[in-house]
Amino acid sequence: MNIFRFAGDMTHLISVLVLLLKIYATKSCSGISLKTQELYALVFLARYLDLFTDFISVYNTVMKIVFIMSSLSIVWCMRMHPMVRRSYDKELDTFRHYFLIAGCLLGALLVHEKFTFQEIFWAFSLYLEAVAILPQLVLLQRSGNVDNLTGQYVFFLGAYRALYILNWIYRYFTEKHFGRWISCISGLVQTALYGDFFYYYFISWKNNAKLQLPA
Amino acid sequence: DQLANPKDEL
């Protein structure tokens, strides 16, 4: 464990807590893409298949459970909770995310570390996480003004993977057998997709103005 | 030989 990875995990945890706060405090999920939340639930379920078979550490197991439970509960809330589901921007959240799932599954079948069930789902989860934010970014552009908590949620979600890139650089230089090209390349693509969001987020923070993404 | 990917990251 290094400081970059720990900071990345904490930033990821903060993004989840900010989203839970927004939904429970405002009893609303306006501006949140259900499709991105479903993709993230799939990412965690596909990546943490080894939850019960490989014990790494208490921290690792606890965080995996937190991420799985929180992503599933957010999806459940947005679909089933009587008050929250009413505020879902159904007509704006129209990204065809099934194509993302199919594309990543195909990609994982073609490019993986080893042709085993667990490795293929692991690669699938990394490719899917790289593009999972797309429906959310499209929704932000369509819904015009972005409320603070939603903006902070997306910001922390993007920042966590950027910190993981620093972690991979650190591990590359400090560990002999460190070659995780699938993680690194997926992580770079993922962080790049946040590029323009980060730019407009910084502008809004500098001008102390409302976050506005150009349509 | 290269270790199988250590899945120690989240």
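Residue numbers start from 1 in every chain, and the chains themselves are labelled A, B, ... in the order their sequence lines are given, proteins ahead of strands.
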**Q.** A:F44, part contacting chain B, at a heavy-atom distance under 4.5 Å
**A.** neither
**Q.** Smallest separation among heavy atoms of A:M63 and B:L10, with atom names
**A.** CB-CD1, 3.5 Å
Q) Do other residues, nucleotides or ligands put more than 12 heavy atoms under 6.0 Å from A:Y170 OH? A) no
Q.
Sub-4.5 Å heavy-atom contacts with chain B: which residues of residues 10-36 of chain A show up?
A. none
**Q.** Modelled atom types, side-chain donor and acceptor of B:E9 and A:N60, under 3.5 Å
**A.** no
Q. Can you tell which of A:F67, A:Y59, A:W168 has the highest number of heavy-atom pairs within less than 4.5 Å of chain B?
A. A:W168
Q: Using a cut-off of 6.0 Å, state whether more than 12 heavy atoms not belonging to A:F55 lie near its atom CZ.
A: yes
Q: Supply the atom-to-atom distance B:D8 CG to A:M1 CE, rounded to the nearest 0.5 angstrom.
A: 8.5 Å
Q) Is any side-chain heavy atom of A:Q118 less than 4.5 Å from a side-chain heavy atom of B:K7? A) no
